[in-house]
Protein chains: 2
Amino acid sequence: MARNTMPKKERQQALVDIINKDPFITDEELSETFNVSIQTIRLDRLELGIPELRERIRSVASENQKKLRSLDAKEVIGEIVDLELGVSGISILETTEDMVFERTQIVRGHYIFAQAESLAIAVIDAKVALTGVANIKYKTPIFAGDKLVAKAKVMRTRGNKYFVWVFTKVRQQEAFRGKFILVTIGEDRR
Amino acid sequence: MARNTMPKKERQQALVDIINKDPFITDEELSETFNVSIQTIRLDRLELGIPELRERIRSVASENQKKLRSLDAKEVIGEIVDLELGVSGISILETTEDMVFERTQIVRGHYIFAQAESLAIAVIDAKVALTGVANIKYKTPIFAGDKLVAKAKVMRTRGNKYFVWVFTKVRQQEAFRGKFILVTIGEDRR
DNA sequence: CTAGCTTTAGCATCAGGTACTAATAACAGA
DNA sequence: TCTGTTATTAGTACCTGATGCTAAAGCTAG
């Protein structure tokens with residue numbers, strides 16, 4: 001039956017690991033995996049300051065909810081602060097840590113692009129599909145915390161095609177520019 | 001004291017709303033806010049099929065964990081299936097419901113862009129910052145469920161500048177193309 | 001062999017319930 | 001007004017996954 005017991009220290013380390021990996025595990029299950037009594041597990045948790053199952057689940061639930069809320073907000077890709085439909089618009093995006101390349105702290109291009117695209121689509125007053133873009137330029141690297149101010153102008157419309165320019169500034173400095181060609185749908189497209 | 005009771009139906013509707021908003025509320029707290037006994041709350045939950053507090057917390061915790069995991073995976077923006085550093089690479093992205101414009105079911109351009117950008121950066125063997133892009137074209141609209149296959153080729157290098165072309169196909173049809181100009185950093189940049 | 005740490009056992013208690021029974025209150029229809 | 005139905009409340013036994021406490025072993029090193 002070799003009730004293969006482990007030294008206390010080792011068991012407690014393993015305990016921490018297991019609970020971190022699966023916070024949904026009960027003391028009973030733990031006692032079975034370690035071949036010790038439930039009381040021992042409880043003592044271990046006490047010593048290690050690990051809360052009971054229900055508290056663990058509770059905190060997982062609320063922490064994850066926080067994370068999801070912040071991601072939801074991020075999905076907006078910039079807040080539109082001014083909008084004259086069919087003419088122009090302004091959008092502001094506060095960049096955060098999780099938009100950057102870890103190694104360089106530089107904001108990933110697609111966030112900047114996404115802000116510009118969203119704004120360009122917002123100024124067009126119709127169901128639209130983005131079909132062509134040209135002349136994008138990133139002028140300077142953008143770092144977490146920078147506030148991106150994007151201005152869009154509708155330059156020309158031809159039938160169901162819209163030519164929209166977007167300029168994005170960081171601290172008054174131009175950081176990005178893009179010319180978007182948007183095609184409304186609903187009508188035939190080609 | 002006007003124990004202001006509410007009609008049953010109304011109370012149950014309000015109950016659903018409250019619990020949806022705050023799944024962490026106990027029957028006792030609910031009974032206080034509605035000025036009814038705990039038993040009434042329990043009966044209501046039974047009729048409405050609402051599980052007990054602990055179950056609610058449990059499901060919030062695990063559902064949100066699932067969502068977070070899928071978002072994590074999404075952050076990769078395409079799976080790189082082939083890569084010859086400094087030369088070429090292939091990335092596959094399965095599009096999903098939450099990448100599209102609700103109204104049109106068409107995949108938002110920045111996901112396609114992000115896949116291409118990520119791939120372009122991956123094929124360059126260095127710390128890179130994206131600084132210039134040109135000649136992007138979206139050829140056809142892409143719908144949720146479409147599988148995007150992006151191929152990148154390094155066309156030219158000049159000093160710390162890399163010219164990378166990315167072609168993305170959906171069902172053998174070209175859907176996107178982009179020429180990226182990447183600049184490695186670490187060295188001086190200008 | 002004994003002092004000290006570690007482990008186990010047992011029991012009372014708690015929160016937040018389920019499941020069930022039974023009594024009472026409220027109200028609508030004849 | 002009485003009556004039948006629905007709604008509400010009360011109360012009990014039981015459940016899970018714990019806490020908190022006391023006490024008894026088990027092991028181990030000096």
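Just so it is clear, the values below take in all heavy atoms, side chains as well, and ignore hydrogens, waters and symmetry mates. Here is how names work: the chains are called A, B, and so on, in the same order as the sequence lines, proteins then strands, and each is numbered from 1. The structure displayed is predicted, hence computed values, not measured ones.
- Every side-chain hydrogen bond (donor to acceptor under 3.5 Å, both in side chains) that A/Lys8 has, sequence neighbours left out, goes to A/Glu47.
- Rounded to an integer number of Å, the gap from CD1 of B/Ile50 to P of C/dG17 is 12 Å.
- For D/dG20, neither phosphate oxygen OP1 nor OP2 lies less than 4.0 angstrom from any side-chain nitrogen or oxygen of A/Arg42.
- In this structure, the side chain of B/Arg45 engages the main chain of B/Ile50 through a donor-acceptor pair within 3.5 Å.
- Side-chain N or O atoms of A/Ser118 include one that pairs as donor or acceptor with a backbone N or O of A/Ala114 at under 3.5 Å.
- Between A/Asp27 atom CG and D/dT16 atom C1' there is a gap of 12 Å when expressed in whole angstrom units.
- Atom CG of B/Asn35 and atom P of D/dT8 are 13 Å apart (whole Å).
- When the P atom of C/dG17 is taken as reference, atom CZ of B/Phe24 falls 13 Å away, rounded to whole Å.
- Separating the NZ atom of B/Lys8 from the P atom of D/dT5 is a distance of 16 Å, rounded to the nearest angstrom.
- The distance from atom CD of A/Gln39 to atom P of C/dT6 is 17 Å, rounded to the nearest whole Å.
- Atom pair A/Arg11:CZ and C/dT6:P shows a separation of 10 Å (rounding to whole Å applied).
- Among the heavy atoms of the strands, none lies under 4.0 Å from B/Arg56.
- Within 4.0 Å of A/Glu52, counting heavy atoms only, lie sugar-phosphate atoms of the nucleic acid but no base atom.
- Residue A/Leu43 is in base contact, counting any heavy-atom pair closer than 4.0 Å across all strands shown.
- No donor-acceptor contact under 3.5 angstrom links the side chains of B/Glu28 and B/Ser31, judged on distance only.
- The residue among A/Thr26 and B/Ile38 whose nearest nucleotide of DNA chain D is located toward the 5' end is B/Ile38.
- Taking the six-membered ring where tryptophan is involved, the planes of B/Phe113 and A/Phe113 are essentially parallel, since the angle between them stays under 30° and well short of 60°.
- Under the 3.5 Å distance criterion, the side-chain polar atoms of A/Arg11 are left unmatched by any main-chain donor or acceptor of A/Phe34.
- Contact annotation: A/Thr40 side-chain N/O to C/dT7 OP1/OP2 distance is not under 4.0 Å.
- At least one cation-pi condition fails for B/Arg177 and B/Phe167: the charged atom is not both under 6.0 angstrom from the six-membered ring centre and inside a 45 degree cone around its axis.
- Atom C1' of nucleotide D/dG17 and atom CD of A/Glu55 are separated by 12 Å, given to the nearest angstrom.
- Residue A/Arg54 places no side-chain N or O under 4.0 Å from the OP1 or OP2 atom of D/dT16.
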Report, one pair per line, the protein and nucleotides 26-30 of chain D atoms (nitrogen or oxygen only) whose separation is under 3.5 Å.
none

